[in-house]
2 protein chains.
Amino acid sequence: MNEQLQPLKKPTRTGKAGRSGTQDDIVYAHIFEAILEQRLAPGTKLSEEALGEIFGVSRTIIRRALSRLAHESVVLLRPNRGAVVASPTVEEARQVFFSRRMVERAITELAVEHATAEQLNELRQMVRDERDSFSRGDRGAGIRLSGEFHLKLAEAAGNAPLISFQRSLVSQTSLIIAQYESGNRSHCSYDEHMQLIDAIEARDAAQAVSLMMHHMDHIDSKLNLDEESASDDLHAVFSHLLQTKKRGSSVPAKG
Amino acid sequence: MNEQLQPLKKPTRTGKAGRSGTQDDIVYAHIFEAILEQRLAPGTKLSEEALGEIFGVSRTIIRRALSRLAHESVVLLRPNRGAVVASPTVEEARQVFFSRRMVERAITELAVEHATAEQLNELRQMVRDERDSFSRGDRGAGIRLSGEFHLKLAEAAGNAPLISFQRSLVSQTSLIIAQYESGNRSHCSYDEHMQLIDAIEARDAAQAVSLMMHHMDHIDSKLNLDEESASDDLHAVFSHLLQTKKRGSSVPAKG
DNA sequence: GATTATGCGTTTGTATACAAATAATGCAAA
DNA sequence: TTTGCATTATTTGTATACAAACGCATAATC
């Protein structure tokens, strides 16, 4: 219970703390990554004090990070009852995908118009990184990088509100994939990502949008959204009940 | 300078403070309304301590409210340099409107499918309130209620991510209208709002979307987005220079 | 006289102490 | 044994104290 991760950078409180805002980002990124890696299961309670001790910062910083995660619907913030890792329902997942199709279509059209050569190069590099992560077997990083590709595309589109919305949608999608993706068969999204870049570079809007929509279909089809995801893990099955955290009594193994 | 608004509800700290979260909302709402009423001009600095004294709460609460406003791009949060009322540029305004057209189209289509009779009644009531505000000459409340109509419509559409995005877009639109709307001629949006409800109630998707798009056009056409909004207020005119703050050299009035 | 250096005052960033609420535990009674 | 209640303990909500950063003003130097 009291295994303690080494604080990432904390030792001297006064030494590096000068750069403001950085600590938030680090805590945010680590929690987010832990969720994608499924080291933090949906429903897990995120205690402010425990996290503060782990990361070597005060609850103030943790609170800011949780607030940001909550805004992206990756964690759920319940008044007076703390934060838990979100466990999106099938219906919530469907709503996210509906919004994503809408946004990705717009982003693709704008990117065909506005993406610069430099941005396209950066996108290609991201796809390579993504492919490497999956081939290394680092699924969490792969999912994250796949999301960052779509975020980068939004930046290439150049519409600030869309970028912000896309950030939230991508985060939620990553969580949904981590939670619902069936089988561990390779993601393969990097292949579709590359084709998409080609179409954008060729300024072929129709083709790019078509590829993007098929890409969305593929992501969708890899998920078990038809039924309530017949998991073989009792813990996962009852995670929505366990949110309130009941010591070790979660599995009625004994009685 | 030191005129102090009476604290909204604060007197006994222990008495009512039990309901958590409420204070944030109150502070948020008051600042937001003040911005819409243009009692807080774009570029105005929002000191945490000053606001805390005005509202009778600590900086902690103010900070949360500012954080929320910043997330909706209504205030700008500059690290180590405090918060200022946002002053969206013409380009930013165009981006917001682009996103709004996209979102409103989707929302309208979904609302035609899902809006209940009760929701439609609530929408009609909101339009009446909006009309009353404008006829009272309360422009700020009118702009705010007009925005809340669109937000309510998003709720009727029933897609959570869209609701969240719409909230941000509506806030920004309100700020843009407050900043760029030409002439004080009546808003008249309530008339278009009523027609829109009729079309939704008739489950006429094509008509509803058409009305919504024309409604967007009308809002757009009332704004001075063609040139840099020839304001007669020096403060507003140079607010974009004052943000980054370059000594007093921003206005070469004297030398 | 202009420009850079330095000190002071103000404002924000972070940690922490205290208060309030919620959840857990134990006891008593049916 | 179970159910309800009271007490205890843990956790969150808020305020505040302290530290660091920033802006401004004055002064010193070229």
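Naming: A, B, ... by sequence-line order, numbering from 1 per chain. The basis for the numbers below is simple: all heavy atoms, side chains too, and nothing from hydrogens, waters or symmetry mates. All figures in this text were calculated on a predicted structure; none of them were measured in a lab.
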By nearest nucleotide on DNA chain C, pick out whichever of B:Gly82 and A:Thr60 is the more 5' one.
-> B:Gly82
Any side-chain donor near an acceptor of the partner, A:Glu33 and A:Tyr28, under 3.5 Å = no
Between CD of A:Glu53 and P of D:dT10 the distance, given in whole Å, is 14 Å
Check the distance between C:dT14's P and A:Asp24's CG and give it to me in whole angstrom.
-> 6 Å
What's the CD-P distance between A:Glu48 and D:dT12, to the nearest Å?
-> 5 Å
B:Lys45 side-chain N/O to D:dC22 phosphate OP1/OP2 under 4.0 Å | no
Is there a donor-acceptor contact under 3.5 Å linking the side chains of B:Gln166 and B:Glu104?
-> yes
Nearest-Å distance, CZ (B:Arg59) to P (C:dG13)?
-> 8 Å
Using a cut-off of strictly less than 4.0 Å, decide whether A:Arg78 has a side-chain nitrogen or oxygen near OP1 or OP2 of C:dT22.
-> no
Starting at atom CD1 of A:Ile61, determine the distance to atom C1' of C:dT14, rounded to an integer number of angstrom.
-> 6 Å
Can you check whether B:Ser58 has a side-chain N or O nearer than 4.0 Å to OP1 or OP2 of D:dA15?
-> yes
From CG of A:Leu46 across to P of D:dT11 the rounded distance in Å is 13 Å
The side chain of B:Ser47 lies closest to which of these nucleotides: C:dA23, C:dA21, C:dT12?
-> C:dT12
Output yes when B:Asp129 and B:Arg136 qualify as a salt bridge under the 4.0 Å nitrogen-oxygen rule, no when they do not.
-> no
Could you state the atom-to-atom distance from CD1 of A:Ile62 to P of D:dT11 in whole Å?
-> 14 Å
Between D:dT14 atom P and B:Glu49 atom CD, what is the distance in whole Å?
-> 19 Å
Are any of the side-chain nitrogens in B:Glu48 or B:Arg63 under 4.0 Å away from the carboxylate oxygens of its partner?
-> yes
